**Student:** 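First the structure, which I've put down as structure tokens, then a few questions once you've had a look.
Bear in mind that the values here come from a model prediction, so they are computed numbers and not experimental data. Each chain gets a letter, A, B and so on, in the order the sequences are listed, and its residues count up from 1. Because only heavy atoms are used, hydrogens play no part in the values below, and waters and symmetry mates are left out as well, while side chains stay in.
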Amino acid sequence: MNFKNLFLVLGLLLAMSCKTPTDVYKIEGKNININDSLPTITSIENFIKPYRENINKDLDSVLAYSVDTYSKADGYLNTAIGNLMADVIYDEADPIFFKRTGEHIDFVLMNHGGIRSIISKGPISKRTAFELMPFENSIVVSKLPGANVKELLDYLARAKRAHPISKLKIVLDKDGQVIESLVHEIPIDFNKTYYVATNDYLINGGDGMDFFKDSEEIFVLDYKIRNALIDYFMKTDTINPVADDRFIQLKE
Amino acid sequence: MKRREFIQQTTAATALVGLGGFGLQSFSSSLKKITILHTNDVHSHIDPFGPQDGRNPNQGGVARRASLIEGIRAENPNTLLLDAGDIFQGTPYFNYYGGELEFKLMSMLKYDAATIGNHDFDNGLEGLYAQLPHAKFDFISANYDFSNTIMDTHTKPYKVFVKNGIKIGVFGLGIQLEGLVDKNMYKETVYLDPVEIAQDMSRILKENEKCDLIICLSHLGYNYRNNTDKPSDLSLAAATKDIDLIIGGHTHTFLKKPTIVKNSMGQNVLVNQVGCFGINLGKIDFYFDSAKNKTSEGVSILV
């Protein structure tokens with residue numbers, strides 16, 4: 001054995017004594033379901049408990065009563081629950097918007113998909129608001145040119161879906177064309193701009209509501225939809241919303 | 001997946017025997033096992049789903065996950081526990097406490113690292129920053145540049161863990177924030193191309209850090225069939241090299257078992273994701289041995 005080989009061996013020994021062989025020869029992978037067959041760790045459970053109790057106490061304190069059960073599936077172009085939500089947004093957001101800008105909200109447009117649960121008959125709590133609106137979406141107001149308001153109406157006429165609206169009235173003929181459109185009971189002037197309250201999801205083109213991209217100005221109210229609902233429930237004794245004539249289609 | 005080249009010369013082997021027992025220990029006791037446990041998109045689901053739940057009755061729950069993890073760790077202490085983001089948002093626990101309880105519980109469960117999901121920005125950078133004192137684990141993100149934000153220096157691009165002498169490099173990747181998260185929430189966070197960053201990271205972890213195992217903790221999403229240009233775990237796996245495992249999130253994909261993908265060098269990469277809400281725990285075991293024990297077909301993967 002020459003010196004060159006000896007150095008090689010010593011080098012290898014050094015390398016191996018501080019570094020063990022590290023080749024993967026087998027991999028096993030699986031995904032394990034977590035369910036009630038597993039025991040719970042008591043210390044973890046006890047740690048969570050005060051947080052849970054505090055939340056539940058707050059969530060389940062009764063704020064108002066609902067005279068019936070309301071679902072977004074109950075109705076064609078407008079529903080009791082959707083009308084309630086859009087009206088609440090108008091009622092709660094307009095004073096804030098007026099205070100900040102000196103202008104009033106002309107009308108409200110939300111999305112049907114944004115109603116995430118039913119309202120059950122009986123007591124209404126904060127939990128109801130969390131179920132209706134689990135997301136953190138906030139109210140924004142768009143200063144929308146009349147031409148885009150026209151697009152908005154066409155969108156609603158095409159969608160034939162009970163997207164919640166407030167202070168806006170739309171009548172479709174039997175072929176689905178818009179034949180009447182009013183804001184605060186006054187016919188829409190497509191040469192005017194309108195202040196439209198909506199949410200931060202739709203203003204960014206959510207649900208294909210592209211007409212909002214031409215907003216002349218966007219006002220962020222920093223007011224979550226859920227909080228608007230909670231504020232409304234807190235000052236309301238009984239809710240009894242109805243489907244009405246704000247968005248209808250004529251049969252003849 | 002060979003990590004180290006060993007010169008297997010007859011002369012060297014003979015010389016070893018001639019020199020006595022010195023150094024032989026490292027050969028005889030070389031079988032090692034590293035367990036990687038992972039969750040993603042837990043979304044503040046601390047309590048299990050109730051028995052009446054329409055979709056996931058009696059599933060999930062942090063206190064149960066804790067016992068499962070405790071059992072696995074008792075079996076193999078050489079275990080890493082990782083989360084692929086979207087820890088926040090989904091139950092009132094987040095709305096009331098802003099993520100405090102989520103981080104405290106993950107610390108109690110001894111999570112080793114987490115990456116940042118889009119919903120972890122839901123209370124803004126300030127909201128995430130405010131909860132950091134409750135997290136006793138690292139946030140790992142290589143493609144979000146937080147330099148001009150309050151989160152600067154509070155995340156690491158990667159972290160190297162050493163378990164039983166095995167070096168495990170973990171790097172994090174996040175999804176494009178523009179169009180997904182309100183700009184007011186992520187502010188000056190800069191999103192960098194995840195594929196380029198993954199190539200840099202795997203090179204650094206392999207060549208500089210000499211890692212034996214390279215894991216990517218990703219919140220990119222599993223796969224986008226209708227938008228193949230959008231980076232996903234499957235496309236990332238195919239476009240890169242030297243990554244052994246991609247732990248994914250974002251798309252809430254309930255994989256029955258990890259997916260095996262060929263990387264740019266034709267080698268196998270495992271991609272796994274466990275849906276959401278703490279319903280499943282992913283478990284990947286890597287068995288290490290000396291090079292000579294490798295089967296002729298290479299690594300055997302049992303999924």
Side-chain angles (χ1 to χ4, degrees), chain A residues 1-2 5-6 8-52 54-56 58-59 126-127 130 134-136 138 200-201 204-205 220 222 224 226-227, chain B residues 1-4 7 11-12 15-16 22-23 26 30 46-48 58-68 70 92-93 95-97 101 105 108 122 165-166 182 212 255-258 270 272 274 278-291 293-295 299-303:
Chain A
M1 184 186 282
N2 59 28
N5 268 340
L6 185 62
L8 179 65
V9 168
L10 285 173
L12 266 174
L13 277 173
L14 278 172
M16 283 173 179
S17 51
C18 52
K19 190 83 186 92
T20 50
T22 47
D23 270 316
V24 173
Y25 74 96
K26 188 171 74 170
I27 306 171
E28 287 176 345
K30 60 178 174 181
N31 295 331
I32 306 166
N33 186 236
I34 294 167
N35 56 49
D36 50 1
S37 70
L38 287 163
T40 59
I41 300 277
T42 314
S43 60
I44 300 279
E45 185 55 33
N46 291 343
F47 190 82
I48 300 168
K49 209 177 161 197
Y51 288 86
R52 182 191 297 131
N54 190 32
I55 290 173
N56 285 344
D58 189 55
L59 276 179
K126 272 194 195 172
R127 192 182 293 282
F130 270 92
F135 308 133
E136 301 306 295
S138 299
D200 49 3
Y201 169 71
N204 293 315
V220 178
D222 285 319
K224 285 180 186 173
R226 187 195 310 122
N227 289 339
Chain B
M1 217 177 284
K2 204 165 169 187
R3 291 277 160 240
R4 190 84 59 239
I7 305 158
T11 48
L16 269 175
F22 177 63
S26 55
S30 58
I46 287 162
D47 293 329
N58 296 316
Q59 294 184 66
V62 173
R64 290 176 189 160
R65 197 195 320 153
S67 76
L68 177 60
E70 204 174 83
Y93 284 110
N95 306 104
Y96 279 72
Y97 297 105
L101 188 58
L105 290 168
M108 290 171 82
D122 278 6
I166 305 279
D182 194 313
D212 304 302
L255 293 177
K256 284 201 178 71
K257 55 182 191 175
L270 250 59
N272 202 20
V274 289
I279 288 168
N280 290 332
L281 179 74
K283 179 174 183 277
I284 315 284
D285 295 313
F286 289 90
Y287 294 84
F288 291 80
D289 203 347
S290 59
N293 284 355
K294 245 174 113 171
T295 60
V299 182
S300 67
I301 301 178
L302 310 168
V303 293

**Student:** Under 4.5 Å heavy-atom distance to chain A, tell me which part of B/N272 shows up: side chain, backbone, both or neither.
**Tutor:** side chain

**Student:** Looking at chain B, which one of A/I55, A/N54, A/T42 has the largest number of heavy-atom pairs inside 4.5 Å, strictly under?
**Tutor:** A/I55

**Student:** List the atom of A/K26, the atom of B/L302, and the distance in Å for their closest heavy-atom pair.
**Tutor:** CD-CD1, 3.9 Å

**Student:** Based on non-hydrogen pairs under 4.5 Å, which of B/L101, B/V274, B/I46 is most in contact with chain A?
**Tutor:** B/L101

**Student:** With only heavy atoms counted, which part of B/L270 is less than 4.5 Å from chain A, the side chain, the backbone, both or neither?
**Tutor:** side chain

**Student:** So how far is it from B/Q59 CD to A/I34 CD1, rounded to the nearest 0.5 Å?
**Tutor:** 9.5 Å

**Student:** Side chain, backbone, both or neither: which part of B/P92 has a non-hydrogen atom closer than 4.5 Å to chain A?
**Tutor:**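 Both backbone and side chain.
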
**Student:** What pair of heavy atoms forms the shortest contact from B/I284 to A/G29, and how long is it?
**Tutor:**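 Looking at all heavy atoms of both residues, the closest pair is CD1-CA, 3.9 Å.
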
**Student:** Quick one: which residue pairs count as a salt bridge (charged side-chain N to carboxylate O under 4.0 Å, His left out) with a foot in residues 40-51 of chain A, not counting sequence neighbours?
**Tutor:** A/E45-A/R52

**Student:** For a quick test of reading the model, state the closest non-hydrogen atom pair linking B/A66 to A/I41 and the distance between them.
**Tutor:** CB-CG1, 3.6 Å

**Student:** Checking B/Y96 against chain A: side chain, backbone, both or neither under 4.5 Å from a heavy atom?
**Tutor:**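 For B/Y96, the contact with chain A is made by the side chain alone.
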
**Student:** Please determine, among B/N95, B/L105, B/V62, the option with the most heavy-atom pairs under 4.5 Å with chain A.
**Tutor:**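 Of the candidates given, the most pairs with chain A belong to B/N95.
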
**Student:** For chain B, which candidate among A/N35, A/T40, A/D36, A/N204 shows the most heavy-atom pairs at distances under 4.5 Å?
**Tutor:**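 Looking at each option in turn, the highest pair count goes to A/D36.
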
**Student:** Pick one of side chain, backbone, both or neither for A/Y51, based on which atoms fall under 4.5 Å of a heavy atom in chain B.
**Tutor:** both

**Student:** Checking heavy atoms, do the side chain of A/P134, its backbone, both or neither come under 4.5 Å from chain B?
**Tutor:** backbone

**Student:** Would you sort out whether B/R65 and A/L38 count as a side-chain contact (heavy atoms from CB on, under 4.5 Å), showing the intermediate values?
**Tutor:** CA-CA 8 Å; B/R65 197 195 320 153; A/L38 287 163; over 6 Å; no

**Student:** Flag the one option from A/K126, A/R226, A/E136, A/R127 with the top tally of heavy-atom pairs under 4.5 Å to chain B.
**Tutor:**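 Highest number of heavy-atom pairs under 4.5 Å: A/E136.
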
**Student:** Between CZ of B/F288 and CD1 of A/I27, what distance do you get to the nearest 0.5 Å?
**Tutor:**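 It is 8.5 Å, given to the nearest 0.5 Å.
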
**Student:** May I ask you to name which of B/L255, B/D182, B/V303, B/I279 has the most heavy-atom pairs under 4.5 Å with chain A?
**Tutor:** B/I279

